[in-house]
Amino acid sequence: MRETLQGKLVRLRPVGDGDYGYFADLKNNMFTQAWNQRLPPNYTAEKMKKRFQDANEKPNSAILAIETTEGVLVGNINYSESTPRFDATFGIAMGKEHWGKGLAEEAQELLLEFLFVERGIQIVRLWTQGGFPWAEKAAKKLGFRPMVRFRDNTIIDGKIVDTIYMDILREEYFSSRKREDEVKGP
Amino acid sequence: MSPQKHPNLIFKPLEDLEISEVTRRQGECPREMSEILDNKPSWAPLSASQVKEKIAEEQKKPHTTIFAIYSGKEFIGVGEWSANWDTWSPYAWFIVWPEYRRNGFGTSITGTLLEKCFLENPGHEVTTAIAEWNYDAISFINHIGFTDIGKMRRVGMLEGKYFDLLFFDMLKSEFLDRRKGARK
């Protein structure tokens, strides 16, 4: 059993007051701000704090900071259970300067393990869009399958692109990680 | 899509009379009404005041309307149209009460809602979702020219098994092509 959500490269921890400035920067950056449609880049640390505190009020959901094992803040990751202990949707935002180092992959792997192994979730969902092909590729690497493609659903970088819904079932998670699952569904 | 078979369709605000009918219909179409009212569990119907509150809450969303559907003086169903999330890709649903089905009302209602999406709103794509157990609705949506774009797996349980939510969409260009075809 894992004691905390810490891997070889990153740990997931509660968000602190000093994190919000960096999270506002992520929200104001076109590469890291949102999955579907552009938001006004007017986020401040204060606005992020309010947003995160509101989101953390929701039961069975969390926003966690991602920091390296050396203590460098690199992004945030969140999940929300729509039906408790049944399904969860998750999302991640990481500073572009930290991409390509395996940090996002490990952060998501830690959260997936928490959801499937500790929470007993049956399915994890995520949303992305066709303007960020790397996001779909990264999700596939984690075992997510593209299940719905909402055609020409949004605009990114002056182009009309699809919105993409992906999910991974509990049994797909366990078989792809070659782990035994003692919790069977119906 | 063929021209409207029912030109006397009217969309009206839901007043107390319609709300009490919607409340009653939960007993007749429990699964469909549970989906529409976002009420879980589906076997526990809402009271009239709860239905009213749900509808009022939904109606607070900008660019959203929930309406009673009349054919002349007959109250035949309810529906919602919303561009709350995005005017570019609005969504809509409706239910026609069982005794009025298979009369072409669904086609007429869909035609009107698509016009609202694409001709009276800057919509580019409209989306709808149907639970996989709703065979009649799936057959209907395929018949009127929506495209099957995939499914969200395991959205709920029915008779001991998980069920999926199927998604369908239509682009404005497809809507305009169909209208052109229907007028020929």
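As the structure is a computational prediction, the values presented were derived from the model and not from experiment. Letters go in sequence order (proteins before strands), and every chain restarts at 1.
- With B/S89 as reference, A/N153 is the one residue of A/N153, A/D152, A/T163 to meet the side-chain contact (heavy atoms from CB on, under 4.5 Å) rule.
- Crowding of A/K50 atom NZ: a count of heavy atoms from other residues, nucleotides or ligands under 6.0 Å not exceeding 12.
- Per-residue heavy-atom pair counts under 4.5 Å with chain B were compared for A/D167, A/T154, A/T83, and the maximum is reached by A/D167.
- Around the NZ atom of B/K52, the shell of radius 6.0 Å holds no more than 12 heavy atoms that belong to other residues, nucleotides or ligands.
- Residues A/Q122 and B/M157 are not in side-chain contact: their nearest non-hydrogen atoms beyond the backbone lie 4.5 Å or more apart.
- A donor-acceptor pair is defined here as one N or O able to donate and one able to accept, closer than 3.5 Å; no such pair exists between the side chain of A/D87 and the backbone of B/R154.
- For A/Y165, the part lying under 4.5 angstrom from a heavy atom of chain B is the side chain only.
- Within the 4.5 angstrom heavy-atom criterion, no atom of A/I164 approaches chain B.
- Counting non-hydrogen atoms of neighbouring residues, nucleotides and ligands closer than 6.0 angstrom, the CD atom of B/E28 exceeds 12 such neighbours.
- Heavy atoms of A/I155 lying under 4.5 Å from chain B belong exclusively to its side chain.
- For B/Q50, the CD atom sits in a packed shell: over 12 heavy atoms of surrounding residues, nucleotides or ligands are nearer than 6.0 Å.
- Side-chain heavy atoms closer than 4.5 Å link hydrophobic residues (I, L, V, M, F, W, Y) into clusters, and following such links, possibly through other members, connects B/F67 to B/I19.
- Across A/R145 and B/R153, no two heavy atoms sit closer than the pair CD-NH2, 3.9 Å.
- Taking the ring pair (Phe, Tyr, Trp, His ring centres under 6.0 Å) definition, one finds that A/F174 meets it with nothing, sequence neighbours left out.
- Considering all non-hydrogen atoms of both residues, B/I149 and A/F150 come closest at CD1-CD2, 3.6 Å.
- Atom NZ of B/K161 has 12 or fewer heavy atoms from other residues, nucleotides or ligands within 6.0 Å.
- Side-chain atoms of B/E125 and A/D162, non-hydrogen and from C-beta on, never get closer than 4.5 Å to each other.
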